[in-house]
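Note that the coordinates shown come from a computational prediction; the quantities given were computed from them, not determined experimentally. We number each residue from 1, following the sequence as shown. Read the numbers this way: they start at 1 and go in the same order the structure lists the ligands and their atoms.
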Amino acid sequence: MYKLILTVLAFCLIQTCAAKTVPSQGYQSFDGYQVIRAQARTLEQGMSLINLQRDHPSLDFWKEPSLTDDTDFMVPSDKILEISQYLSLHNVEFYPLIKDVGQLIASQYDGYQMTGVREPISWTKYHNLATMYEWFQNLTEAHSFVHVYTIGQSTEGRDIKVVRLSKDPSANKPAMFIDSAIHAREWISLATVSYIMNQIVNNPEDNALLDDVDFYFLPIINPDGYEYTFTTNRMWRKTRSRNSASCYGVDANRNYDYEWSSCSGCSSGVCTSETFRGDTPFSEPETEAMRVFIEQSKQSGVNFQSYISVHSYGQYFMLPWGYTPAPPADYEELQMVANYVAGNISAVYGTEYTTGSSSTTIYPTDGTSQDWAYGTGLFKYVYTAELRDKGIYGFILPPTLILPTAEETWAGFKVVAKHIIGK
Ligand SMILES: [Zn+2]
């Protein structure tokens, strides 16, 4: 007995015996789930993937069916054989991208801050909502140039917060608006955006940008969904509004009032779909709060120039439009800046990004924040960033990759900041 205790103590000394993170009871298991990557190269193969998506609501599409890009979707363990047979029958090439989603998530638990206990923020972990909001509060208490707005409440009553970094708001300097975590499971988007905020606040060289630019961050547009990914379901994407007794959530990034529901296959009218657009544009209190804040800020003189919506995954830096393959009016300038962004990202760790209009680079979409921000004329330099990786981990990017992802992304975004001030 003593020997056993001594052995455990010795092990603890070596390992420091940190408390293991364990998810709450009822955290959905994805044991045995696979992510399959399919590659449609002909119209028939593309149609067979669209039909597969339509006929199998239990498949979670991580990347929508596309002829120009890979199509990734998560398959429950009891459906793998059936889906494999279907793909073979339709001559679609495919392979398992992630062999066990549950195992991959469990292997990262120590990098998830899942409980309500607040910890100092770091970029080696994914933090929950309470910790993020407490950090915003600490920033505003410590620095006069940080201001936190509560711009509304989510469906479940959580605050939606914008953080403004500005040394002189009344000067109406060119302003950037950056948001993240509209899709709840895209944790790396928030981790990266919070890193950027921290750099501007605490790194003197980046802080000097505030001499010329104001920054507005909406780091967690979808707080209900984000919280839900920590308490209940790591793979949740949508909001948490209730559409019917058994159907929750709207894809907030199909809910904006610009060309809403305007193109076939660009969003879904079925509430169980991951791309459900909602019953009306701005049906979600989260997107509505963002609309009102941006419009009112603009009316009161804020000089918005650039809007970047941060997502994962795929390594793309994309410009409008989503709803049409036609190039936007400012195509050449937007594309040129996007190429510089991609070059700067690549210069840090060699990570390769693809640039172009979102409809032609990944797949067509409608009612997105990007098309709304550009189409209404509220912003000119409008982009959607899809951060790391290209699918090895997909949405389940390991915590060890937060820092390199954040560093290279900030190196890229700085190009946009400098462009809008002519530097
Ligand atoms: Zn997304």
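Using the six-membered ring where Trp is involved, His143 and Phe145 have ring planes that are tilted, between 30° and 60° apart. In this pair, Trp321 and Tyr258 present their aromatic rings parallel. The plane angle is below 30°, not in the 30 to 60° band. Using bins of under 30°, 30° to 60° and over 60° for the plane-to-plane angle, the ring pair His147/Tyr149 lands in the perpendicular bin. Ring orientation note: the planes of Tyr216 and Phe177 are close to parallel, at an angle under 30° on the 30°/60° scale.
Restricting His311 to its N, O or S atoms, the one at the least distance from the Zn ion (ligand 1) is ND1. Closest to the Zn ion (ligand 1) among the N, O or S atoms of His183 is ND1.
Not one N, O or S atom of Glu386 sits under 2.8 Å from the Zn ion (ligand 1).
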